[in-house]
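Here's the structure, in structure tokens; my notes come after.
If you're wondering where the values come from, they're calculated on a predicted model, not measured in any experiment. In what follows, every chain begins at residue 1, and chains take the letters A, B, ... in the order their sequences are listed.
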Amino acid sequence: MSEPIYARYRSAFAQALAKALNSPVEEVEPQVKPAEAAHGDLTFATFHLAKAQRKAPPAIASALASSVSVPGLEIVPAGPYVNARFALTPFTAEVIDAARAEGRSYGSAESGRGKTVVIDYSSPNIAKPIAYHHIRSTVIGHSLANLYRSQGYRVEGINYLGDWGKQFGLVAAGFEEYGDPSRKGDLAHLVEVYIKANDRAEREPAFDDRARDFFRRMEAGEAVALSFWREVRESSVRELEKIYARLGVRFEHYQGESLYQGKTEAVIEEIARTVGVKQSQGALIVDMPYAEGEPPVLLKKADGSTLYATRDLAAAIDRHQRFGFDRSLYVISTDQSLHCRQFFGVLERMGKEWADRLVHVNFGRVHGMSTRKGKIELLNDVLDEARNRALEKVKENILAGRIHTADPEGLAEQIGVGAIVFGDLKNRRITDYTFDWEDVLSMEGHSGPYLQYAHARACSILEKGRPPAGYEAGRLTLPEEQALVRTVARFPIAVREAVEQDEPSVVARHLLDVAAAFSRWYTLGNQDRSKRVLVEEDDSLRGARLALTDAVRATLASGLSLLGVATPEEM
RNA sequence: GCGCCCGUAGCUCAGCCGGACAGAGCAUCGGCCUUCUAAGCCGAGGGUCACAGGUUCGAGUCCUGUCGGGCGCGCCA
């Protein structure tokens with residue numbers, strides 16, 4: 001909750017340097033950087049001072065090092081650098097105590113206290129299946145919601161369902177041709193129908209017109225059309241909720257595009273008043289482009305029905321009125337960058353001073369999937385396969401007597417889903433990837449199960465020995481122990497960066513470092529019993545190691561929770 | 001054609017606001033179950049950081065151009 005230990009030392013070092021240099025700390029602080037492990041923990045390069053001081057960098061560094069002193073830091077010059085290393089004490093105890101005190105919320109902060117963030121995520125088009133690639137917006141948005149919440153923000157997560165638009169016309173027209181009336185509530189069947197209808201509409205303009213007309217009738221409020229829409233929407237939402245339950249995702253709001261039917265007229269009128277609108281080729285467009293050389297924003301089709309840009313504008317205005325957000329995130333695929341720039345731009349031209357609080361949190365595409373062509377993997381199927389694979393290993397471990405769970409299926413679900421979720425979050429958002437079964441189901445190396453396993457091992461050790469009330473952190477002198485303490489210390493920094501960049505992968509990557517450092521450490525005990533956590537005949541050492549193990553458990557549990565990955569205690 | 005994004009080991013990707021020798025996982029090869037659970041650990045090989053200029057004391061990182069790839073560019077969302 002307080003400032004991260006790591007950041008505290010960094011800023012103390014920066015202040016001492018600033019004082020010695022007689023420069024403002026704001027200038028020095030950005031120059032203090034994390035050092036490579038071999039050189040220490042923090043480093044300050046002196047090259048840029050050489051010209052002003054008319055001295056060689058190494059001379060500056062060594063003079064500086066001898067005039068700077070910070071309690072808890074060992075400061076030494078190394079060529080042109082001034083390096084600082086955290087002393088064994090009190091640093092080790094400070095880090096371990098902080099992690100243990102905060103437990104599963106280690107890394108939380110107050111920077112968002114009193115602020116509100118709206119996060120639009122998942123937001124699938126319904127009447128289409130929830131396919132594997134919908135995982136991206138869903139898990140990225142979910143993790144961002146957790147991350148912002150951890151920094152004290154009030155989070156309003158919105159599932160902005162694509163529940164209004166021509167796709168319903170396609171399903172309706174398709175249903176008349178290919179549908180089985182007894183399966184109107186069967187989403188899988190509707191998907192087949194959608195794919196056929198879409199294919200036909202591309203080849204046959206008359207069929208496309210039928211779809212378009214059906215949507216026009218929906219907007220006109222025709223009872224028959226709306227009743228079909230309602231039925232499809234409800235069965236879709238039911239299916240979606242099963243998936244969300246598996247992923248542990250809960251939205252503050254389900255507010256789809258349909259909510260804004262009937263509210264678009266007022267928005268169009270406001271645009272007309274502030275920016276201006278005009279007819280173009282029968283359609284209604286924003287008069288002034290939102291930017292030079294870019295295409296216009298369409299508000300209404302020639303037949304008078306609305307487009308999603310219109311509804312997005314209405315939704316943005318509505319959200320601002322209701323939540324008064326400080327930030328409003330749109331977790332949407334990068335292929336909609338233009339659309340986002342456009343409707344953000346229109347809001348700005350309308351004079352909405354809050355338009356610059358809207359952020360397109362874009363992410364790369366999953367290749368090898370197209371709903372239109374029917375080449376898709378359903379998310380449910382992928383999760384099932386992951387669970388099944390995990391279950392084999394769970395059964396194996398039960399048979400070998402390594403674990404004793406009463407609920408193998410539930411455990412396998414946690415592991416399988418964790419693999420899929422983490423597999424998506426470990427890469428930077430913007431990265432594209434091609435769907436590959438082996439890849440998404442991977443449970444070794446840099447994977448969710450790898451992290452869960454490290455966490456489970458920590459739990460298992462702590463089951464066999466409880467950390468004592470007091471312990472001597474100074475006993476943790478192994479290089480592997482010190483390396484581990486440092487990764488634990490940096491965790492809160494990673495959380496903060498993840499929020500600053502709207503990038504959950506920063507936390508994901510850092511957790512891999514924590515788990516790797518922990519695995520390396522506890523594996524030492526395989527060969528050398530004196531390096532076990534539960535070392536015999538040295539209560540003081542064992543106590544310190546247990547405390548460190550507990551800090552690691554807290555770090556992994558916190559990080560995995562922030563990512564939306566389960567933290568089983570054995571596996 | 002115009003706009004946005006990307007181009008780092010065989011494959012998938014990290015690389016912070018430019019700074020000390022370019023890292024990890026997978027795959028390959030070789031070790032470690034007399035293990036606090038081997039979903040683990042250790043070691044080896046493997047890279048002109050697409051290419052060419054520029055800025056800088058210093059560029060994988062910033063700027064320009066070229067090439068290659070992805071996406072987008074009016075009545076789908």
Side-chain angles (χ1 to χ4, degrees), chain A residues 30-31 33-36 38-39 43 45 47-48 50-51 57 78-81 83 123 125 128 162 164-167 169-170 198 201 208 211-212 215 257 280-285 291 293-303 305 307-309 311-312 333-339 341 362 364-365 367 372 390 393-394 396-397 400-403 415 419 426-428 430-434 436 438-439 442-450 452-454 456-457 460-461 463-465 493 497 501 505-506 509 512-513 516 519-520 522-527 529 532-535 549 570-571:
Chain A
Q31 302 290 329
K33 305 197 170 172
E36 292 179 30
H39 302 292
T43 188
F47 301 102
H48 62 288
K51 204 168 282 178
Y81 299 93
N83 294 332
S123 308
N125 288 325
K128 286 191 190 177
W164 199 248
K166 203 187 92 180
Q167 73 267 29
L170 280 167
N198 191 68
D208 194 48
R212 200 191 311 278
F215 175 54
E257 291 185 61
S280 169
Q281 298 165 35
L284 187 71
I285 68 171
E294 296 274 14
V297 178
L298 270 77
L299 298 172
K300 271 185 173 183
K301 305 178 211 173
D303 69 6
S305 60
L307 283 136
Y308 76 135
R311 298 189 285 275
D312 281 354
S333 168
T334 196
D335 54 13
Q336 290 198 46
S337 295
L338 176 60
H339 169 249
R341 287 208 309 277
N362 60 343
R365 294 166 52 88
H367 294 291
R372 298 186 156 211
K393 184 77 186 179
V394 166
E396 194 183 308
N397 282 352
R402 290 196 274 258
I403 59 175
I415 297 166
K426 74 179 174 191
N427 290 328
R428 295 194 80 88
I430 199 66
T431 309
D432 289 348
Y433 61 94
T434 301
D436 178 87
E438 290 313 311
D439 212 44
S442 163
M443 302 196 186
E444 288 174 2
H446 278 177
S447 71
Y450 175 76
Q452 292 175 317
Y453 181 73
R457 290 297 300 270
S460 165
I461 291 168
E463 196 65 31
K464 296 179 170 72
I493 305 289
E497 270 178 27
Q501 301 172 27
S505 69
V506 173
R509 298 268 165 193
L512 289 169
D513 287 346
S519 303
R520 210 170 291 135
Y522 77 67
T523 304
L524 294 174
N526 287 359
Q527 299 297 322
R529 298 185 77 86
R532 293 192 175 193
V533 176
L534 300 170
V535 60
T549 302
E570 61 171 8
M571 67 182 274

Quiz prompt | A:Arg529 vs B:U34: side-chain N/O to OP1/OP2 distance below 4.0 Å | solution = no
Self-check item: Between B:C42 (P) and A:Tyr522 (OH): distance, integer Å
Solution: 11 Å
Quiz item: Within the structure, does a side-chain N or O atom of A:Ser460 lie under 4.0 Å from either OP1 or OP2 of B:U37?
Solution: yes
Quiz item: From B:C41, B:C76, B:C13, pick the nucleotide closest to the side chain of A:Arg520?
Solution: B:C41
Self-check item: Per A:Ser519 side chain, nearest of listed nucleotides B:C41, B:A77, B:C36
Solution: B:C41
Quiz item: When you check the side-chain N and O atoms of A:Ser505 and A:Asn427, is any donor under 3.5 Å from an acceptor?
Solution: no
Quiz item: Taking only side-chain nitrogens and oxygens of A:Arg428, does any of them come within less than 4.0 Å of OP1 or OP2 of B:G15?
Solution: yes
Practice problem: Look at A:Arg212 and B:C76 and indicate whether a side-chain polar atom (N or O) is within less than 4.0 Å of OP1 or OP2. | Solution: yes
For nucleotides 69-71 of chain B, give me every protein contact, N/O to N/O, under 3.5 Å, one pair per line with atom names.
{"from": "B:G70", "atom 1": "O2'", "to": "A:Asp432", "atom 2": "OD2", "distance (Å)": "3.4"}

Quiz prompt | Phosphate contact (B:C76 OP1 or OP2) by A:Ser305 side-chain N/O below 4.0 Å | solution = no
Practice problem: Measure the distance from CG on A:Leu512 to P on B:U12 and round it to the nearest whole Å. | Solution: 19 Å
Quiz item: Would you call the rings of A:Tyr308 and A:His339 parallel, tilted or perpendicular, where under 30° means parallel and over 60° means perpendicular?
Solution: parallel
Exercise. Could you work out the separation of B:A22 and B:G31 based on their P atoms and round it to a whole Å?
Key: 30 Å
Exercise. Rounded off to whole Å, could you give me the CD-to-C1' distance for the A:Glu570 and B:G40 pair?
Key: 17 Å
Quiz prompt | Touch class at under 4.0 angstrom, heavy-atom based, for A:Leu338 against every strand present | solution = sugar-phosphate
Quiz item: Checking A:Arg532 side chain against A:Gly525 main chain: does a donor-acceptor pair fall under 3.5 Å?
Solution: yes
